[in-house]
A.B. asks: 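There's a structure below that I have some questions on.
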2 protein chains.
Amino acid sequence: MARATQEQSEETARTVLITAQELFAEYGYEAVGLEQVAAGAGVTRGAVYHHFRSKKGLFEAVLDEAQSQVSAAITQAAPGEGWDAIEEGCKAFLRASISPGVRRIMLVDAPAVLGWTTWRRSDARHSARLLEEGLESVIGPEEDRSAIAALLSGAMNEAAMWIAEGGDIASAERALSQILRSLRSP
Amino acid sequence: MARATQEQSEETARTVLITAQELFAEYGYEAVGLEQVAAGAGVTRGAVYHHFRSKKGLFEAVLDEAQSQVSAAITQAAPGEGWDAIEEGCKAFLRASISPGVRRIMLVDAPAVLGWTTWRRSDARHSARLLEEGLESVIGPEEDRSAIAALLSGAMNEAAMWIAEGGDIASAERALSQILRSLRSP
DNA sequence: CTACAATACATACACCGTGTATGTATAGGC
DNA sequence: GCCTATACATACACGGTGTATGTATTGTAG
């Protein structure tokens with residue numbers, strides 16, 4: 001296998017990935033051509049297709065990157081367990097999801113580009129997993145746990161977009177606290 | 001103006017619209033070409049472009065149709081006011097949104113195709129408006145009302161997809177009731 | 001150290017889908 | 001009964017994805 005070149009290669013792939021994340025985040029998936037991505041990364045489309053199977057493949061990698069950034073922010077802000085950790089985690093999710101590099105990719109384009117099921121599976125490996133695990137540690141294996149997690153997850157996603165489009169973050173956090181209260185004391 | 005032909009023309013436009021709704025709903029916006037739509041409607045792409053400005057324009061019309069179906073179902077199922085009406089309205093939203101002719105168009109593709117802001121504006125003329133008005137009639141002009149409506153709306157959308165992909169509708173409705181309880185008695 | 005094979009890209013090309021320009025027939029007002 | 005506008009069909013231009021091919025360089029085996 002290659003050695004010195006391998007690092008070079010990985011760096012190229014990384015550059016393409018970051019460039020794509022920026023462009024997808026700003027203009028949306030369909031409005032961005034791979035020519036733009038390649039040019040922005042200082043390569044040609046050939047390199048892009050070499051590292052990523054297709055435009056969708058590139059997007060999947062970008063999504064994974066964005067979701068990793070978000071879930072990292074969550075675990076850092078709310079490492080513990082219990083209801084307070086969940087609430088803090090949700091708030092961290094909001095703050096992280098507002099980031100322009102994440103928002104549109106993760107919350108708007110991903111479901112449409114990859115399909116809702118694939119998107120959800122991908123989410124289940126990141127922030128949605130944290131939410132479900134947090135809930136399980138608090139309310140146990142209640143039968144409606146998955147449904148509750150789904151509703152909460154949807155509420156969080158919409159809240160993030162709502163904030164990003166001009167909504168007040170403090171107001172959203174208060175609304176979130178209020179909703180969580182009903183789950184804390186059934 | 002034309003008379004007999006005008007009706008003919010409107011029927012053609014309607015046929016194209018319905019065909020597009022079926023195809024978009026089943027295969028998704030980007031996977032459907034206007035050639036398919038035209039063929040399914042028994043016309044050529046020329047007719048499609050005559051009645052609708054562009055593929056996006058056609059999609060906007062389809063979305064409006066789908067949202068009208070949903071909001072009609074809501075107002076029929078929950079015509080009154082008060083918390084019970086809101087809860088019934090939400091449940092009606094779930095049942096209506098699960099419909100295969102609505103689901104993907106309204107909940108998955110619309111934000112990506114039209115952009116989140118446009119999508120939200122469109123939603124604000126249909127089910128989201130009903131939700132906001134219902135909330136206003138119950139909790140008054142509380143400052144967090146918009147945030148609460150956003151969270152609830154997101155929760156409902158996600159719940160609909162969750163159900164459509166195999167989740168239990170009764171479970172989702174219980175989770176919804178639980179969340180609404182926190183808002184009923186602050 | 002040399003020949004070979006695989007990797008990392010660039011270049012060139014085919015295909016499909018959107019959008020637009022143009023053509024044509026019919027309908028309804030004057 | 002002419003004339004214009006409407007309702008569509010046909011034809012074409014363009015952009016973007018994907019794929020096939022070319023090429024240089026690197027790591028490796030003999």
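The model shown is predicted, which means the values in this text are computed figures rather than measured ones. Convention: sequence-line order gives letters A, B, ...; per-chain numbering from 1.
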A.B. asks: Quick one: is A/Thr12 getting a side-chain N or O under 4.0 Å of the C/dC9 phosphate, OP1 or OP2?
C.D. replies: yes
A.B. asks: Check the hydrophobic clustering (I, L, V, M, F, W, Y; side-chain heavy atoms under 4.5 Å; chains of links allowed) and say if B/Tyr27 and B/Ile18 are grouped together.
C.D. replies: no
A.B. asks: Just the rounded figure in Å: distance from P of D/dG18 to CD of A/Glu35.
C.D. replies: 14 Å
A.B. asks: Give the rounded distance in Å between these two atoms: CD of A/Gln8 and P of D/dT26.
C.D. replies: 10 Å
A.B. asks: In terms of heavy-atom contacts, does CD of B/Glu30 have more than 12 from other residues, nucleotides or ligands at under 6.0 Å?
C.D. replies: no
A.B. asks: If only atom types and distance count, is the side chain of B/Lys91 paired as donor or acceptor with the main-chain N or O of B/Leu176 below 3.5 Å?
C.D. replies: no
A.B. asks: Check whether A/Phe24 forms a cation-pi arrangement with A/Lys55 (NZ or CZ under 6.0 Å from the six-membered ring centre, at most 45° off the ring normal).
C.D. replies: no
A.B. asks: What do the steps show when you test A/Glu65 against A/Arg14 for salt bridge (Lys or Arg N to Asp or Glu O under 4.0 Å), and what is the final call?
C.D. replies: CA-CA 10 Å; A/Glu65 173 71 20; A/Arg14 182 92 194 146; 3.2 Å; yes
A.B. asks: Would you kindly give the CG-to-P distance between B/Leu34 and C/dT20, to the nearest whole Å?
C.D. replies: 12 Å
A.B. asks: Charged N to carboxylate O under 4.0 angstrom, B/Glu60 versus B/Arg53?
C.D. replies: no
A.B. asks: Near DNA chain D, which residues from residues 36-65 of chain A have a heavy atom under 4.0 Å away?
C.D. replies: A/Arg45, A/Tyr49, A/Ser54, A/Lys55
A.B. asks: Under 3.5 Å, is there a donor on one side chain and an acceptor on the other for A/Thr117 and B/Glu165?
C.D. replies: yes
A.B. asks: Tell me, which of residues 13-31 of chain B have any heavy atom that sits under 4.0 Å from an atom in DNA chain C?
C.D. replies: none
A.B. asks: Can a donor-acceptor pair be found between the side chains of A/Gln67 and A/Ser127 at a distance below 3.5 Å?
C.D. replies: no
